[in-house]
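Residues: numbered from 1 along the sequence shown. For ligands, and for the atoms within them, numbers begin at 1 and follow the listed sequence.
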Amino acid sequence: MRALIVDGQNNHDYKATTPHLKKLLEQTGLFSVDVATTPPKGGDMGSFKPAFGNYRVIISNYNGEPWSTETENALVAFVRKGGGFVSVHAADNSFPDWKEYNEMIGVGGWGDRTEKSGPYLRLRTGKWQPAMMPGRSGSHGRQHEFVVESQASNHPILAGLPQRWMHAKDELYDRLRGPALNVTVLASAMSTIESGGSGEHEPLLMAISFGQGRVFHTALGHNNGKDITSQKCVGFVTSLQRGAEWAATGKVTQKIPADFPTAEKVSLREAP
Ligand SMILES: [Zn+2]
């Protein structure tokens with residue numbers, strides 16, 4: 001299957017992560033991966049016109065200026081008609097004013113998002129519920145290792161994975177908000193007050209349906225320049241690989257890797 005990574009602007013060093021993401025997708029044996037790079041900030045965005053229709057899944061490593069209306073509409077039409085979309089880490093910061101994009105990612109952060117962007121998703125009495133109250137959108141405490149907990153063990157992306165796994169040092173995004181329509185929260189982590197977080201379980205892996213299409217949203221995967229430790233976590237790797245396959249086809253055929261982290265111990269892997 002053909003997959004396309006989009007990048008070109010990001011508040012993270014995307015040149016350090018895009019080649020890594022590409023290798024991870026190719027490692028599955030399922031994807032051949034192209035990269036479409038936008039002009040830099042201030043460039044002529046009208047020249048950015050990827051042929052989304054040639055691909056089964058689009059992976060966004062992009063957090064930057066709006067695309068042309070034509071390109072934005074093309075992505076919306078692609079997903080609506082059954083295409084797959086994957087949002088990685090700060091890609092959910094992008095496009096605060098693009099209505100359909102926010103419906104695709106479910107919830108997002110920063111970019112002056114507020115309660116006007118939609119509710120938070122909050123775990124209350126065992127259920128994820130939209131919580132409408134004033135407040136900021138998008139924050140994180142100190143980078144640290146944290147336990148990711150499955151919230152949907154029967155979903156194809158998570159089926160067979162441990163209920164809890166220790167994620168490598170990363171930013172734990174909190175207080176994301178958005179339309180929050182048709183979102184299945186796949187996994188979350190407790191964002192502790194002590195780490196500078198929200199004191200809430202925060203949704204970090206999500207599956208969203210949009211038209212006939214499927215979106216996998218991972219809020220994990222911060223990089224500190226060339227240091228991409230969080231994306232070497234086998235939990236990140238496995239969820240990305242399985243999430244991309246699910247977004248592309250609605251199924252997951254990949255085996256659970258033997259080096260998957262336990263609830264106590266981080267497991268890192270270099271890209272092949
Ligand atoms: Zn980050």
**Asked** Does a side-chain N-to-carboxylate-O contact under 4.0 Å join E145 and K169?
**Response** no
**Asked** Near the Zn ion (ligand 1), which protein N/O/S atoms fall under 2.8 Å?
**Response** H12 NE2, H89 NE2, E171 OE1, H222 ND1
**Request:** Flag the pair E245 and K251 as a salt bridge only when some basic side-chain nitrogen lies within less than 4.0 angstrom of an acidic carboxylate oxygen.
**Result:** no
**Message:** Between R136 and E115, is the salt bridge (Lys or Arg N to Asp or Glu O under 4.0 Å) condition met? List the steps.
**Reply:** CA-CA 7 Å; R136 66 175 303 169; E115 58 270 22; over 6 Å; no
**Message:** Filter on side chain to side chain donor-acceptor pair (under 3.5 Å), then keep only pairs touching residues 32-42, sequence neighbours left out; what's left?
**Reply:** R2-D34, D7-T37, D34-Y55
**Request:** Would you please indicate yes or no on a ring centroid separation below 6.0 angstrom for F216 and W246?
**Result:** no
**Asked** Are Y173 and H222 close enough that their ring centres sit under 6.0 Å apart?
**Response** no
